[in-house]
Amino acid sequence: MAIYPKLIMDALEKVRYPGTGKNLVEMGMVEDNIRIDGNKVSFSLLFEKPTDPFIKSVVKSAEAAIITHAAELGEKGIDIKGNIEVRTRQAARPEPDKLLPEVKNIIAVSSGKGGVGKSTVAANLAVALTMQGYKVGLLDADIFGPSQPKMFHLEEARPYMEEVNGRELIQPAENYGVKVLSIGFFVNKEDAVLWRGAMASNALKQLIADANWGDLDYFLIDLPPGTSDIHLTMVQTLAITGAIVVSTPQEVALADARKGISMFLGEKINVPVLGLVENMAWFTPAELPENKYYIFGKEGGKRLAEELNIPLLGQIPIVQSICEGGDNGKPVALNPDSITGAAFQALAENVVDQIEYRNEHLDPTRRVVVSKK
Ligand SMILES: Nc1ncnc2c1ncn2[C@@H]1O[C@H](COP(=O)(O)OP(=O)(O)OP(=O)(O)O)[C@@H](O)[C@H]1O
Ligand SMILES: [Mg+2]
């Protein structure tokens, strides 16, 4: 018996695409390129997205349906396994080393200890850099405790998808000239804390690879505290130009900052440390701007930077306005005439200088590649 195209189409009419109740022919997924060469049959199935979770199972079902249908008609030796080509309407995600082609510098903002002001520093640094004329994006990588939606007064933002070069990409939200993405835009806090490691790291990869970040001078990443799976995902996904470590002056915070710094500098990760930011360096009451009270100890961050021979990028005082700025979604850096606004503007200048120095003197960072066992 000869094999003919209608036999193939009849078989494929018996295969449903999951969740739709429609078969592959009705869905328009069978391309018009059925080739029959003796017993060998080949053709293409068209899927919407390269990330479609059903690709494998649909291809398997299609193969099985063709084999079964042919057997019913007395044709036993049909050669179809591995001959169905998968095509997708949307282009695939670029290769790992080709992500974010228009982003010039990627900066991780990190700390050892929690609550020392990473997110505050990341938000204000982003705003200060924008005010200095740079194009800036900020990724909130704190999947379990996102804070940038609030800091940027974007709690209500729901980024939409846009087609760019054949791919559906997430359009980052934007405020004060900074492009922002956070898992907080997509899921509520209660749901995210239940995520397992792989889910969190996939979500994070999507916010990087499937978003339209476009052309940026600086792409800042606000990391969760400590050294977590998220850190590992980041260094595996992106070649980070440099890391900024935030610490308060207390001994406990400094000890953790030291650990954070050695993680980046370690042989396996190998991300240059641009420097340390000493946050909550002293307290200054608004009515006595000349007075400095070293409530967490004096210049602990400065000493650590000297000891480790890394730059001290900035010292940010404790001021009520910083906290309020975070809470009401107006980063203090927007007001460069205030003490704190000026401190963040100076920090931004130092970061720009350090990045320039780093790019002149060191080779580009390499993404961490972990071989699969
Ligand atoms: N220099 C400062 N002066 C006053 N308040 C500050 C200062 N820096 C940070 N804060 C406040 O301290 C709190 C913690 O800051 P933030 O959320 O930035 O820390 P974090 O290191 O990102 O925390 P987490 O580890 O939870 O991510 C916030 O309420 C913030 O407004
Ligand atoms: Mg934070």
Side-chain angles (χ1 to χ4, degrees), residues 107-128 138-155 178 180-184 189 192-193 200 204 220-231 234 243-250 252-257 259-261 263 276-286 289 291-297 299-302 312-335 338-348:
I107 303 175
V109 180
S110 168
S111 77
K113 198 174 170 302
V116 296
K118 281 175 301 302
S119 301
T120 304
V121 168
N124 282 285
L125 176 59
V127 168
L138 173 60
L139 171 68
D140 185 352
D142 199 339
I143 297 278
F144 303 109
S147 33
Q148 296 304 345
K150 188 172 189 105
M151 299 221 169
F152 277 83
H153 194 43
L154 287 168
E155 295 99 323
V178 180
V180 183
L181 272 184
S182 168
I183 200 69
K189 277 189 175 166
V193 290
L204 195 55
L220 306 186
I221 303 166
D222 176 17
L223 285 166
T227 50
S228 65
D229 282 1
I230 295 292
H231 290 73
M234 289 308 323
I244 294 175
V245 177
V246 181
S247 183
T248 54
Q250 301 109 303
V252 272
L254 292 167
D256 288 353
K259 280 185 215 154
I261 291 167
M263 173 193 71
L276 190 84
V277 177
E278 184 176 299
N279 189 28
M280 311 194 196
W282 56 79
F283 168 71
T284 295
N291 292 24
K292 294 178 176 178
Y293 300 91
Y294 296 92
I295 51 183
F296 292 141
E299 303 198 319
K302 189 172 173 211
L312 180 70
L313 296 168
Q315 289 177 299
I316 315 289
I318 300 187
V319 188
Q320 202 174 339
S321 60
I322 296 188
C323 192
E324 288 166 0
D327 285 346
N328 57 32
K330 264 194 133 205
V332 287
L334 290 167
N335 177 8
S338 64
I339 300 173
T340 46
F344 283 120
Q345 294 292 342
L347 169 66

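Indexing begins at 1, ligand by ligand and atom by atom, following the structure's order. In this chain, numbering begins with 1 at the start of the sequence shown. The basis for the numbers below is simple: all heavy atoms, side chains too, and nothing from hydrogens, waters or symmetry mates.
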[X] side chain to [Y] backbone, donor-acceptor under 3.5 Å:
X: Q148; Y: S119; value: yes
X: Q345; Y: A333; value: yes
X: D140; Y: P146; value: no
X: S111; Y: V245; value: no
X: N279; Y: V116; value: yes
X: H153; Y: K330; value: no

- Message: Contact between V127 and F152 at the side-chain level, heavy atoms closer than 4.5 Å - yes or no?
- Response: yes
Look at [atom] and say which protein heavy atom is nearest, naming residue and atom and giving the distance to 0.1 Å.
atom: atom 5 (N) of ligand 1; answer: C323 CB, 3.7 Å
atom: atom 4 (C) of ligand 1; answer: V319 O, 3.2 Å
atom: atom 8 (N) of ligand 1; answer: N279 ND2, 2.9 Å
atom: atom 30 (C) of ligand 1; answer: T120 OG1, 3.6 Å
atom: atom 19 (O) of ligand 1; answer: G117 N, 3.0 Å
atom: atom 10 (N) of ligand 1; answer: M280 CE, 3.9 Å

- Query: Can you tell me if CD on Q320 sees more than 12 non-hydrogen neighbours from other groups inside 6.0 Å?
  - Reply: no
Looking only at distance, does [X] have an N or O less than 3.5 Å from an N or O of ligand 1?
X: M151; result: no
X: D222; result: no
X: V121; result: no

- So which of L220, L139, L154, D222 actually passes side chain to side chain contact (heavy atoms under 4.5 Å, CB included) with V180? L154
- Does the protein place any heavy atom closer than 4.0 Å to atom 13 (C) of ligand 1? no
- Per-atom contact, atom 28 (C) of ligand 1, protein heavy atoms, under 4.0 angstrom: no
- Look at the N, O or S atoms of S147, main chain and side chain alike, and state whether any lies under 2.8 Å from the Mg ion (ligand 2). no
Shortest reach to [atom] by a heavy atom, considering only [options]:
atom: atom 22 (O) of ligand 1; options: A123, S119, G115, G114; answer: S119
atom: atom 21 (O) of ligand 1; options: K118, K113, E278, K150; answer: K118
atom: atom 6 (C) of ligand 1; options: V109, V332, I322; answer: I322

- Rounding to 0.5 Å, atoms CG (L125) and NZ (K118) come to a distance of 14.5 Å
- Between CG of L347 and CD1 of I316, what distance do you get to the nearest 0.5 Å? 5.0 Å
Of the side chain and backbone of [X], name the one, both, or neither that has a heavy atom under 4.0 Å from an atom of ligand 1.
X: V246; answer: neither
X: P317; answer: backbone
X: D327; answer: neither

- Identify, by atom number and element, the atoms of ligand 1 in contact range of P225, meaning under 4.0 Å from any of its heavy atoms. 25 (O)
- Note on the structure: Per-atom filter on ligand 1: closer than 4.0 angstrom to a heavy atom of D142 are 27 (O)
- Task: If the plane angle is over 60° it's perpendicular, under 30° parallel, otherwise tilted; pick one for F283 and Y293.
- Result: tilted
- Consider ligand 1: state whether an atom of it lies below 4.0 angstrom from any non-hydrogen atom of G326. no
- Query: Taking the non-hydrogen atoms of S111, is any one of them nearer than 4.0 angstrom to ligand 1?
  - Reply: no
- Item | Closest approach of P224 to S228 (non-hydrogen atoms, all atoms of both residues) | CG-OG, 4.0 Å
